[in-house]
Structures are given as C-alpha cells and as structure tokens.
Protein chains: 2
Amino acid sequence: MLTNRQLLILQILIDEYIRNAEPLGSRSISKRQDITFSSATIRNELADLEDMGFIEKTHISSGRIPSEKGYRFYVDHLLAPVNVTNSDLQQIHSLFHDKMSELELLIEHSAKMLSEITKYTSIILGPEVYETKLKHLQIVPISIGTAVIILITDTGHVEKYTVDLPIDMDASDLERTVNILNDRLQGVPFSQLKSKLVEEVEGLLLTHLNNYEKILDFLVQLFQTEKSDKVYYGGKTNILNQPEFQDVEKVKALYNAIEQYDLVQQLLHQDDSTGIKVKIGAENLLKEMKSCSLITASYSIGGQHMGTLAILGPTRMEYPRVIGLLDLLSKDLTRVLTDRYYSK
Amino acid sequence: MLTNRQLLILQILIDEYIRNAEPLGSRSISKRQDITFSSATIRNELADLEDMGFIEKTHISSGRIPSEKGYRFYVDHLLAPVNVTNSDLQQIHSLFHDKMSELELLIEHSAKMLSEITKYTSIILGPEVYETKLKHLQIVPISIGTAVIILITDTGHVEKYTVDLPIDMDASDLERTVNILNDRLQGVPFSQLKSKLVEEVEGLLLTHLNNYEKILDFLVQLFQTEKSDKVYYGGKTNILNQPEFQDVEKVKALYNAIEQYDLVQQLLHQDDSTGIKVKIGAENLLKEMKSCSLITASYSIGGQHMGTLAILGPTRMEYPRVIGLLDLLSKDLTRVLTDRYYSK
DNA sequence: GTTAGCACTCGAGATGATTGAGTGCTAATT
DNA sequence: AATTAGCACTCAATCATCTCGAGTGCTAAC
C-alpha cells in the first residue's frame, strides 16, 4: 500500500503533469509550499512509485510522468470531485432554455457545447430508436415499383427507407396494409415490431390481402434491419491543440479510427450501465487510442437507456472537471427528455 | 507570349512538381530525354518564366516551383485531357451496378469512392430539395401541442420538422388541413410551395377551418424556412498525406474551415453553371484554402441543377486526372438520376 | 542564340560544445 | 531509522560551426 506521502506526491505529480504536459522532477515538486521535505526524499519516493508502476521516465535522467496505471489509480482513488463552475453551468443550462423542438438538434448542440467548454472532442451516440415506440407508419409510392416507408416514433424521430415494392401490389393493397399496420402497431416499441407483426398482424393481412405472403416477407425484412444510432461529434479539431498530437501520423490514425461509426458505436456501447465510465489509454481496445482517454456517461428517457455522451482527450486529461461536466449534463439531459417524452 | 520551348519547360516543371512536390532545377530538367538543350539555356528560360510570374523560387538559390499564375496557365492552356483509367472506370460504374435505392446513400458512396480513387478529399453538395416536387405531406402529433411534419419529395427525399401546433387546433382540423394540402400541393416544386399556398389554398382553408389564420401563418412560416443542402465528405484525412500539410496548424485551420457547412455551401455554390470549374489557391476566397485547389462539377436531374461534386487538394494537384474523373462521374450521376427520377 | 564555366548562395545535415534539469547513490545528520 | 546534503553522472535541447550539394546568375566563348 502507498503511504500518505506517496499519495500526496503522486497526486501532485499527476495534477501538475495534466496542467503542463511536462515531466516533473524532484526539485520542482519540493519547491511547492505544501511540501515540507527535501528533494532527495522525494527522489526516493519517486523511485519507489516508479518501481510500483505508477509513474515512468521518458529517458534515463528525465523527470517522471504518470503511467496508465498511475492515471487509473488517480481516477479510482485520488479524484476529488470538483464542482462545475458557474460559467459552465450557465452554458449547459442555456442548452435547455431556448427549448429546441428537434431532439436531434438538441443532441447536436450538446456535442458542440461539450467540446467548447472542455476543449476536447465530444462524441454523442444519438437517441436509440430501439426502445422508442411507433407513432405512425406511412408508405408513399414515389415511382413505379418504389416507395418511401416512413416510421415516426413517439420521440418525434423519423426513420426512412426507400424500398422496392412487390410488383403486384396495387394502391388499394397499399392503403389497406398501411391502415392495418397503423391500427395494430401504434405504441409498439421498435424492438418488438417484428414479433408483433408475426403474432397479431399476419392473420389480418391474410384476410384482407391477396398476395399477403410477399408483403409480409417484405415487412419482416424491413422491421428486422438493424437501426444503427447516429453519431454526433463536436470539436474534432480540438485534438490538434494537444501537444501529444503534433505528429500528423498520430492524428491521421486517430481520425481514421473515430470516423468509423461502427467502431465508435461499439466502443461507446461497451457497457451502457449508468454512471460515469473512464477508459484510459490501452483500456480502449483501439490501438489508435492508446494515448487517449475516453470518459462516457449515458442518458435515458424514463429509465430506458437512450444514448451515450463521451469526451475523448489525451490520457493527460482533466479528469475531475470532465467527469463533473458529463455527470451534470447526462442527468440534465435525462431529466429534460423524460419530461418531454415520457409524459404518460 | 510564350515560345514553344518555354511552354515545354513550364509543362515539364509543373508535371514534375505535381509528381514529387520538390523544387525543380535546370540540371534535372536538362537530363530528361525530351530536352535537347543545355541546363544553361534552361536557366535563362526559367529566369524569363519567373519574370513573367509563372514560377517562383523558395529561396534565392533553390529550384523553381509553379506559382498560382503558373497553375492557372497550366489548367487553361497546357492541360492534355487524360482518359480515365480502366480501374477507375470500374470503380465508378460499380457505384451504379448494385442499384442503391436511397439517393442519399448513392451520394454518400460517391463521395467515399471519389476520395479513395483520387486520394484527395471529396465534398458533395447533396441533392437540392429546392426544385424537387412535393409528393406527400403528413402531420403526426406526437404529444400535446407538438407534432412532426413530414414532406416527401418525388426523389424520395424526406424533410422533417418538429413543430409546436397552435394550441386550439384539434384532430379533425389537422386531418382536414392535411387533406387539403395534399390535394392541392402535390406535384408542386418546393420553391413554389409558399406562393401556391397563399394563392390557392388560403381560400379553401378559410371555408373549412375555424381558426384558419393561425394555421396559415404557421404553414407560411414552415414553407419559407430555407432548406439547406446536406454536405457529404469523403477522405477528410487524405489531406494529412500531403507534404504541404505536415504542419498541424495548417491542418487545423483548414479543417475548421471545411466543417462550417454554410461556408462550404457558399464556396461550392458560387456558380452552378455546368462544366468543370477549377479554383486555384487564393481564388478560393477562404484564406485557409490558399494552398489548396478546388475542382467542382455539378450534377442535375432532367436539366435541373441538383448539386455539386468537388475535390479539394493541394494546389499541387493532379488536375488532368481529377478533371477527367469529375467530368465522368457528374455526367454518369446526372444520367442515372434523370433515368430514375425524371420518368414522366 | 546557345553553351561552358565559374563564383556565389543557401538549405540540409553532421559534429561538437555547453547548459540545465534531472537522476541514483552514499555518507552525514536528525 | 528516516531524512537530507552532496556529488558524479546522464541526457535532451540548443547553438555555433562546418561541409556538401543542388541550385542560381553572369560572362565570355562558341
């Protein structure tokens, strides 16, 4: 276990390194007012901390920087929760003041605002459509054989598919189908559309339509296509301000990684349990992110997980501040969205 | 005017510089087989070309590189049109083979493919909704006082607005309104929706609805909101491979500029006349793009301008190849879209 | 008009000295 | 036994110096 003095030194070292991005030596630590012992003592402690793997040297006679294990320890044990500053608080609340009617717009603005106040890159996984309920379905033929199918959810989200219609389906078939579907499927969560369709609607279609088989196949197909969540970014260029990303090759690798939506989705989805999650460096699975940390929080509507907020920064990130901000915003977002869309 | 020899030398210099990104000296030019005169002669010619402003030096004893005026001359007078290579041709055609039903998807894939085969960054201004015709309008209430309004165009595009409904509008009002609008406005181009509404529909609403004024106001408001085109990007990180963008500051400035959709739209919209347009360096108005060139082509449906294809690269760009590709793709795209959506 | 020749310039690299911030270790001090 | 002072040592960073080579412009000869 670490002694109090070691804890203090580790804390100072990480705080300072996060601030300045420069290796810290025993002498500069000893010069702080809250340090009462000499640089030689600190040297010994630093050597011990290094042996335990919490800090490392960049070269043999350099100062120390935190290791990933050091950051992990810092986040798990040393983090003094900081209050969100007043100006940050105002920024966040202003999001909700001018009540934005579009959910997507609200999310987009949240991403932008997060990146602006943190100076890091924000990533938000958009409202999951999976557990929202069908409000209305519409099929609009746009030319011979093709039509646009529109599904509208109770959160005002619109899903759109352009499809080829079964060739022998005429206008009246279409109308009857739409009516039946709207009648039977309204209020059904997207996740259950397919089973409801097979269980309840199949019979109705059978009695009302000629070639019900093709249409049913077609609808089953439609309802089981994976709906992937949208990914919103804010401040992608903020990465370029970090001293650890002055190398264009590193930037390229990271950008290429975070523009692959499926990868990002996987990354942020890892566990959608509530609470703040911090992934440091290599914990992130993507090798392009080994000098980055990712802090995530999730937001929900009426207890139902809806999406994920994330901040991507260097491992040398202002953990306390970002954690505080994400915690606040995720709770606010959850509250506002629940108010708006969960009103029974 | 330039002599034939000067033309030859300028052509060689620009071609080589585009290939290697390194200043070219008289000696290396004289070593080519197609050059029959000595380096001293070339030195004299280079000095003349420099006096005329077509080429410049990076420092006093360096080789020459093309100036913007040089590139301009090259593009306007020296460009030998090159044929699109077979493999590029296949790539482009494969876009259309697996017939994609979603127009947006086709555009998105086009952007990706363009960036992959050119190794530059592609920007596509996505189908303009302005001249497409209304196919169907739907209003779906999603909670008390709010509704989603959906407009579907004849190209299968869906526009969505979440709006606050006038408080005293009941379900039957809504239904009547929707019916009237669909009846009267189908087939009307978006650009004329507002005038048609005022001219033809106002009277009908008056006779069928109680509080028609509020609703009319509301619809006028809706129809006159600017519909800004979507911007699609491909290969944004390709910029980082260019030797002229090894400086992170430059990259940041450019990225910040091209992520401002309104700026980009303005930039690509500048003239939507047909044909290929080449904007070199400072011709681009944005100072962040002064070391870039932008080559644009437009695509249309049935003669109606729909959007713009663009390639963004360093001024040292492979003009002939990119021009050939854009020309081909824009024409193919126009043909395919016209076939698909202009069938009377 | 063309070319050979020459003095000159400048960037890019290599080399070496200097500095300063850091280390580990040992011996003295508390 | 813990702490500290002192010292030899290491290494990155910086700067001056040098060399090399690719380039130039200019002049005089072809």
Side-chain angles (χ1 to χ4, degrees), chain A residues 1-10 12-17 19-67 70 243-244 246-247, chain B residues 1-10 12-17 19-67 70 243-244 246-247:
Chain A
M1 255 305 67
L2 293 178
T3 66
N4 278 341
R5 192 164 65 192
Q6 285 171 333
L7 289 176
L8 176 62
I9 290 175
L10 185 57
I12 288 173
L13 188 132
I14 297 184
D15 281 340
E16 285 290 316
Y17 185 68
R19 184 175 256 85
N20 302 320
E22 258 163 38
L24 221 63
S26 54
R27 222 174 98 77
S28 32
I29 292 179
S30 75
K31 272 193 282 205
R32 290 178 48 123
Q33 326 75 322
D34 48 352
I35 292 298
T36 57
F37 27 88
S38 78
S39 67
T41 310
I42 294 169
R43 271 202 291 286
N44 291 328
E45 298 288 30
L46 288 177
D48 289 349
L49 285 169
E50 187 178 357
D51 286 345
M52 291 183 278
F54 292 117
I55 57 179
E56 44 192 42
K57 294 190 265 199
T58 60
H59 61 87
I60 193 145
S61 73
S62 79
R64 304 305 209 291
I65 62 171
S67 67
E244 31 274 275
Q246 291 310 97
D247 175 21
Chain B
M1 257 303 69
L2 294 178
T3 66
N4 279 341
R5 191 163 67 191
Q6 286 170 332
L7 290 175
L8 175 63
I9 290 174
L10 185 57
I12 289 174
L13 188 131
I14 298 184
D15 281 340
E16 286 289 315
Y17 186 68
R19 183 176 258 86
N20 301 320
E22 260 164 38
L24 222 63
S26 55
R27 224 174 96 79
S28 33
I29 294 179
S30 76
K31 272 193 282 207
R32 292 179 44 123
Q33 325 77 320
D34 47 352
I35 293 298
T36 56
F37 28 88
S38 77
S39 66
T41 310
I42 293 170
R43 271 202 291 286
N44 292 329
E45 297 287 31
L46 289 177
D48 289 350
L49 285 169
E50 188 178 356
D51 287 345
M52 290 184 278
F54 293 118
I55 57 179
E56 45 193 40
K57 293 191 264 198
T58 60
H59 62 90
I60 191 140
S61 74
S62 79
R64 304 306 209 292
I65 62 171
S67 67
E244 32 273 275
Q246 291 313 95
D247 174 21

query = Rounded to the Å, how far apart are B/Glu22 CD and C/dC10 P?
reply = 20 Å
message = Can you measure B/Ile29 atom CD1 to D/dT24 atom P for me and round it to whole angstrom units?
response = 8 Å
ask   = When rounded to the nearest 0.5 angstrom, what is the spacing between CG in B/Leu24 and OH in B/Tyr17?
value = 10.5 Å
message = Assess whether a salt bridge exists between B/Arg5 and B/Glu45, defined as any Lys/Arg side-chain N lying under 4.0 Å from an Asp/Glu carboxylate O.
response = yes
task = Could you check how far CD1 of A/Ile42 sits from P of C/dT23, rounded to whole Å?
result = 10 Å
message = Just N and O in the side chain of B/Thr41: are any of them under 4.0 Å from OP1 or OP2 of C/dT3?
response = yes
ask   = Please, which pairs that meet ring-ring contact (aromatic ring centres under 6.0 Å, His included) have at least one residue in residues 43-67 of chain A, sequence neighbours excluded?
value = A/Phe54-A/Phe73
key: Length of the CG-P vector between B/Asn44 and C/dG1, whole Å   = 11 Å
ask   = At what distance, to the nearest 0.5 angstrom, does CG of A/Leu2 lie from CG of A/Asn4?
value = 9.5 Å
ask   = Given D/dG23, is OP1 or OP2 found less than 4.0 Å from the side-chain N or O atoms of B/Arg64?
value = no
query = What integer distance in Å separates A/Arg27:CZ from C/dG20:P?
reply = 12 Å
ask   = Would you say B/Ser62's side chain and B/Thr58's backbone share a donor-acceptor pair under 3.5 angstrom?
value = yes
key: Protein-nucleotide distance (B/Arg5, atom CZ; C/dG1, atom P), rounded to Å   = 10 Å
Please write out each protein N/O paired with an N/O of nucleotides 6-14 of chain D under 3.5 Å, distance rounded to 0.1 Å.
residue	atom	partner	partner atom	Å
D/dG6	O6	A/Arg43	NH2	3.1
D/dT10	O2	A/Ser61	OG	2.6
D/dC11	O4'	A/Ser61	OG	3.1
D/dC11	O3'	A/His59	ND1	3.4

task = Give a yes/no on whether any side-chain N or O of B/Ser30 is located under 4.0 angstrom from OP1 or OP2 of C/dT3.
result = no
message = C/dA21, OP1 or OP2 - any side-chain N/O from A/Lys31 closer than 4.0 Å?
response = no
task = Would you mind reading off the distance between B/Lys57 atom NZ and D/dG23 atom C1', rounded to a whole angstrom?
result = 9 Å
inquiry  = Between B/Ser28 and D/dG23, is there a contact of a side-chain N or O with OP1 or OP2 at under 4.0 Å?
reply    = yes
query = Would you call B/Arg64 and B/Glu50 a salt bridge, taking side-chain N to carboxylate O under 4.0 Å as the test?
reply = yes
note = Only residue of A/Ile9, A/Asn44, A/Ile42, A/Leu7 satisfying side chain to side chain contact (heavy atoms under 4.5 Å, CB included) with A/Leu49 is A/Ile9
remark   = note: B/Asn20, atom CG; D/dA22, atom C1'; distance rounded to Å ~ 15 Å
